[in-house]
There are 2 protein chains.
Amino acid sequence: MGYAETFKALSDPARRQILELLKKGPLSAGDIGSHFDMTGATISYHLKILKQADLIFESKEKNFIYYQLNATVLEEIMLWISSLRGGGKDD
Amino acid sequence: MGYAETFKALSDPARRQILELLKKGPLSAGDIGSHFDMTGATISYHLKILKQADLIFESKEKNFIYYQLNATVLEEIMLWISSLRGGGKDD
DNA sequence: TAAGTATTTAGAAATATTTCTAAATACTTA
DNA sequence: TAAGTATTTAGAAATATTTCTAAATACTTA
């Protein structure tokens, strides 16, 4: 909720990479963490930022928490950027 | 040069507003500043960030420095976001 | 219930960001 | 050249961000 939150979330390389991983499908926090050289606590922090920006959502299953990409907010960002470029038009 | 720089630049409300002002055409640093409740030095700082992110460029004329929007980087950002949503497709 | 696995939360330390004031630069015109 | 206008740079202070370690929570299964 709010462009600042979204852009700030997207400004970190680790968080962008998390989104790219999630593009292929849901992953648990642990799975995500295995791709990074960071502690689980730090991964958890980044996931929280992404969650707060509504860029991902979670679903709990058994002992895991699975994270998924949420495309809705990305659309809004695209619209904002579009309006900047063309004044709302095509190009 | 680099998504981090671009998204970081876009994460600040004042900087986004500067881009929106610039959408209508070039403005001097002073003109831009008149829209904000900040010192000229702070405006200058934000302009530097936007410049470094290649979101704007400047042209000197007389005693003024005029700033203009640079749409090129916005395209790149749009592509990155697009690839996240659809894997490169339409939706 | 007890022990184990997955993840988050709390708190601290290091670093980055934002803003200001004061001074410096750059250019214009009298 | 001198004085004025526009803008940036330097340095400091306040705040925010990122990362860690240690502890807490939540759930599962023996």
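Note on naming: letters A, B, ... go to the chains in the order of the sequence lines (proteins, then strands), and numbering restarts at 1 for each one.
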May I ask you to verify if any side-chain N or O of [X] is less than 4.0 angstrom from the OP1 or OP2 atom of [N]?
| X | N | value |
| --- | --- | --- |
| A/T39 | D/dT19 | no |
| A/H46 | D/dT19 | yes |
| A/K8 | D/dT17 | yes |

- Rounded distance [0.5 Å steps], CG in B/L84 versus CG in A/L69: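 Those atoms lie 5.0 Å apart.
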Return the value, rounded to whole Å, for the distance between atom [atom1] of [X] and atom [atom2] of [N].
| X | N | atom1 | atom2 | answer |
| --- | --- | --- | --- | --- |
| B/F7 | C/dA16 | CZ | P | 21 Å |
| A/I49 | C/dT9 | CD1 | P | 12 Å |
| A/M38 | D/dT21 | CE | P | 13 Å |
| B/E61 | C/dT28 | CD | C1' | 13 Å |
| B/D12 | D/dT15 | CG | C1' | 13 Å |
| B/F36 | C/dC20 | CZ | C1' | 17 Å |

- Partners passing side chain to side chain donor-acceptor pair (under 3.5 Å) against A/S34 (at least two apart in sequence or in another chain):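 For A/S34 there are no side chain to side chain donor-acceptor pair (under 3.5 Å) partners, ignoring immediate neighbours.
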- With B/R16, which residues qualify under side chain to side chain donor-acceptor pair (under 3.5 Å), at least two apart?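 With sequence neighbours excluded, B/R16 shows a side chain to side chain donor-acceptor pair (under 3.5 Å) to no residue whatsoever.
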Could you tabulate the donor-acceptor pairs under 3.5 Å formed by side-chain atoms of residues 7-14 of chain A, not counting sequence neighbours?
from  : atom 1 : to    : atom 2 : distance (Å)
A/S11 : OG     : A/K8  : O      : 2.7
A/D12 : OD1    : A/A14 : N      : 2.8
A/D12 : OD1    : A/R15 : N      : 3.2

- Item | side-chain contact (heavy atoms from CB on, under 4.5 Å) partners of A/F57, counting only residues at least two apart |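 Only A/Q68, A/N70 meet the side-chain contact (heavy atoms from CB on, under 4.5 Å) criterion with A/F57.
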- Item | Set of side-chain contact (heavy atoms from CB on, under 4.5 Å) partners for B/A29, sequence neighbours left out |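 Expected list: B/L47, B/Y67.
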- Query: DNA chain D in dot-bracket, Watson-Crick or G-U pairs under 3.5 Å, [ ] crossing, | other strand?
  - Reply: ||||||||||||||||||||||||||||||
Under 3.5 Å, which N/O atoms of the protein pair with N/O atoms of nucleotides 6-8 of chain C?
from  : atom 1 : to    : atom 2 : distance (Å)
C/dT7 : OP1    : A/A29 : N      : 3.2
C/dT7 : OP2    : A/G30 : N      : 2.6
C/dT8 : OP1    : A/Y67 : OH     : 2.3
C/dT8 : OP2    : A/S44 : OG     : 2.9
C/dT8 : O5'    : A/S44 : OG     : 3.1

- Side-chain contact, heavy-atom cut-off 4.5 Å: A/L50 with A/L22?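 Not in contact.
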- How would you list all residue pairs meeting ring pair (Phe, Tyr, Trp, His ring centres under 6.0 Å) that involve residues 30-53 of chain A, not counting sequence neighbours?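 Not a single pair qualifies under ring pair (Phe, Tyr, Trp, His ring centres under 6.0 Å).
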- Task: Enumerate the residue pairs fulfilling salt bridge (charged side-chain N to carboxylate O under 4.0 Å, His left out) with a member in residues 31-53 of chain B, sequence neighbours excluded, ordered by first and then second residue.
- Result: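 Non-adjacent pairs meeting salt bridge (charged side-chain N to carboxylate O under 4.0 Å, His left out): B/K51-B/E58.
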